[in-house]
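The block underneath contains the structure these notes are about, expressed in structure tokens.
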2 protein chains.
Amino acid sequence: MKIDPKSAGDLSAQIAKALRDAIIAGELIVDERLPSEAELADHFQVSRPTVREALKRLAAQSLIRTQRGAAGGAFVNRISFEDAYVQQITTSTLLLSMNEVSFDTACEARFALERACAPLSAERRNADQLATMRAEIFRQNQPGLTDEAFCASDVAFHRALVDGASNPVLSYQLAGAVEAMQPLMNMITFTARDRERIVELHGQIADAIEIRDAEAADRALAELTTYTLELGTKAMAARDAQRQQPK
Amino acid sequence: MKIDPKSAGDLSAQIAKALRDAIIAGELIVDERLPSEAELADHFQVSRPTVREALKRLAAQSLIRTQRGAAGGAFVNRISFEDAYVQQITTSTLLLSMNEVSFDTACEARFALERACAPLSAERRNADQLATMRAEIFRQNQPGLTDEAFCASDVAFHRALVDGASNPVLSYQLAGAVEAMQPLMNMITFTARDRERIVELHGQIADAIEIRDAEAADRALAELTTYTLELGTKAMAARDAQRQQPK
DNA sequence: AGATTTTATTTGTCTGACATTTAAAAGTCT
DNA sequence: AGACTTTTAAATGTCAGACAAATAAAATCT
């Protein structure tokens with residue numbers, strides 16, 4: 001049924017791949033119980049620790065869950081949107097932080113995707129999502145807010161905007177793009193004037209979403225894109241200058 | 001430095017989390033060598049197999065790579081865009097196939113994101129990407145092509161379109177959305193007329209991209225969206241009808 | 001019948017050992 | 001001295017066997 005060809009990597013990686021392929025191909029369906037570790041060890045002709053390493057690999061991808069006890073075992077897991085979120089966010093965050101992705105590139109991607117959501121959000125947003133946007137704008141106006149808290153609120157605002165599209169697939173895809181930007185955004189020091197301008201644009205977006213005006217929302221988002229790129233350019237220039245003369 | 005609070009899950013999950021957090025926080029930087037398994041076991045006061053399970057979890061997420069031998073060990077891995085692609089695609093694919101996401105929802109998300117790329121692609125596409133799009137259109141015109149091959153070519157066409165934006169972050173994000181749709185698209189049986197219409201729209205998109213006309217590209221993509229949604233609705237209706245009377 | 005105890009199954013963890021790989025150290029020859 | 005070969009040590013990969021802990025089902029008792 002699922003053999004193990006002599007190919008690449010350690011045994012646990014090969015076994016994990018065989019099981020993963022079986023799940024993707026639908027040979028193992030959701031909530032189905034895998035054979036016990038002992039049975040798998042026997043089937044693949046390896047020891048139980050090796051099987052366990054393979055199973056832990058799958059568990060790390062949320063492909064299976066395990067349960068102890070008599071009727072326990074490893075079960076094919078239905079990947080929830082929550083699971084997928086957190087995986088996407090950690091992957092995206094590390095991808096950006098480890099690959100010298102420029103602020104511009106990441107920023108462009110984020111806002112391009114977000115503008116794809118805006119028309120849908122203008123059409124479908126409910127009162128809750130609008131209220132969240134307003135609440136985050138209010139928070140962003142509080143004096144004494146740290147830059148990090150300001151950024152976190154910014155993320156919350158934009159997530160509410162994205163969620164307004166009422167499309168879980170879009171929300172999932174955007175989660176990575178928006179959240180992964182946060183570390184980069186945190187490198188920016190916001191002046192009072194910067195914040196004022198951002199909050200103003202957030203207000204314009206919320207207004208447009210409220211009256212379901214897709215075009216106005218897009219215009220405001222476009223302006224926010226431009227402004228954020230400017231801030232990023234300034235911040236990077238300042239950082240580079242400091243790097244050359246660190247006295 | 002990195003202790004292990006009494007909290008949730010098995011030991012290997014806790015240890016994996018501790019190490020993962022250290023990597024995300026930047027305490028362990030790219031290409032840095034982790035302590036050996038024996039040292040980690042000693043540090044966390046667990047046995048070596050438990051440490052190994054934790055490391056395999058991290059390896060499954062491409063967070064570390066391991067090397068055997070004298071100067072071997074586990075090293076913090078620089079996640080490549082390639083690694084991130086395949087992870088995103090498997091996660092997205094399973095997410096869609098396991099959660100009864102409607103064709104409409106997935107399709108809407110995919111084309112919304114793709115339309116976000118189109119203006120950038122019109123502006124920046126190079127000759128290579130345009131040639132790929134033309135080649136795939138040519139392939140799609142071949143008679144006798146299976147539905148699966150047609151879909152695969154469709155994916156290749158759209159990936160070329162996305163890659164035209166020359167933004168690796170966008171390409172990465174879109175990879176999940178486009179590829180994950182393929183199993184759903186494969187449920188559609190394309191008539192000759194369907195294909196003709198799709199290829200015609202692909203041609204319009206390529207023409208628009210060639211002359212760098214962002215608006216024309218958007219219009220064609222919008223039409224393709226509508227048409228694909230229609231096909232999906234028809235296919236789902238046909239499938240449901242067959243399900244009720246499977247004689 | 002219902003509550004309690006026992007039992008069997010399964011994952012979680014540990015110990016100790018050996019195999020394999022690999023780089024560096026030691027040794028050897030020219 | 002320098003280049004080649006051999007040895008060694010360190011690390012991961014794998015195995016075997018054992019016990020602990022959880023848990024559901026079966027058996028037992030009231």
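To find a chain, count down the sequence lines: A is the first, B the second, and so on, and within it residues start at 1. Since the model is a prediction, treat every value here as computed from it, not as a measurement.
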**Request:** Ignoring the backbone of B/Pro49, work out which of D/dG13, C/dT15, C/dG12 is nearest its side chain.
**Result:** C/dT15
**Asked** Between C/dT13, D/dT12, D/dA9, which one does the side chain of B/Thr66 approach most closely?
**Response** D/dT12
If only side-chain N and O atoms of [X] are considered, is one of them under 4.0 Å from the OP1 or OP2 phosphate oxygen of [N]?
{"X": "B/Thr50", "N": "C/dG12", "value": "no"}
{"X": "B/Arg52", "N": "D/dG13", "value": "yes"}
{"X": "A/Ser12", "N": "D/dG13", "value": "no"}

Whole-Å distance between [N] [atom2] and [X] [atom1]?
{"X": "B/Leu40", "N": "D/dA11", "atom1": "CG", "atom2": "P", "result": "11 Å"}
{"X": "B/Leu11", "N": "D/dA22", "atom1": "CG", "atom2": "P", "result": "12 Å"}
{"X": "B/Glu53", "N": "D/dT12", "atom1": "CD", "atom2": "P", "result": "16 Å"}
{"X": "A/Asp42", "N": "D/dG17", "atom1": "CG", "atom2": "C1'", "result": "16 Å"}
{"X": "B/Lys56", "N": "D/dT14", "atom1": "NZ", "atom2": "C1'", "result": "11 Å"}
{"X": "A/Glu37", "N": "D/dA20", "atom1": "CD", "atom2": "P", "result": "18 Å"}
{"X": "B/Ile15", "N": "C/dG12", "atom1": "CD1", "atom2": "P", "result": "14 Å"}
{"X": "A/Gln67", "N": "C/dT9", "atom1": "CD", "atom2": "P", "result": "18 Å"}

**Prompt:** Does a salt bridge link B/Asp83 with B/Arg65, judged by any charged N lying under 4.0 Å from a carboxylate O?
**Reply:** no
**Carboxylate-amine/guanidinium proximity below 4.0 Å for A/Glu136 and A/Arg139** = yes
**Message:** Does the plane of the ring in A/Phe150 sit parallel, tilted or perpendicular to the ring in A/Phe190? Use 30° and 60° as the thresholds.
**Reply:** tilted
**Message:** Using a distance-only criterion (donor-acceptor N/O pair, under 3.5 Å, no hydrogens), is the base of C/dT20 paired with the side chain of B/Arg68?
**Reply:** yes
**Asked** Would you say the base of D/dT14 and the side-chain of B/Arg48 have a donor-acceptor pair closer than 3.5 Å?
**Response** yes
**Message:** Using the side chain to side chain contact (heavy atoms under 4.5 Å, CB included) definition, which of the options B/Leu19, B/Val76, B/Asn77, B/Ile15 pairs with B/Leu58?
**Reply:** B/Leu19
**Prompt:** Cation over ring, B/Arg110 on B/Phe103, under 6.0 Å and within 45°?
**Reply:** no
**Nearest-nucleotide comparison on DNA chain D, the residue closer to the 5′ end among A/Asp10 and A/Ala71** = A/Asp10
**Request:** Have a look at A/Arg33 and say if it touches a base, only the backbone sugar-phosphate, or nothing, with a 4.0 Å heavy-atom cut-off.
**Result:** sugar-phosphate
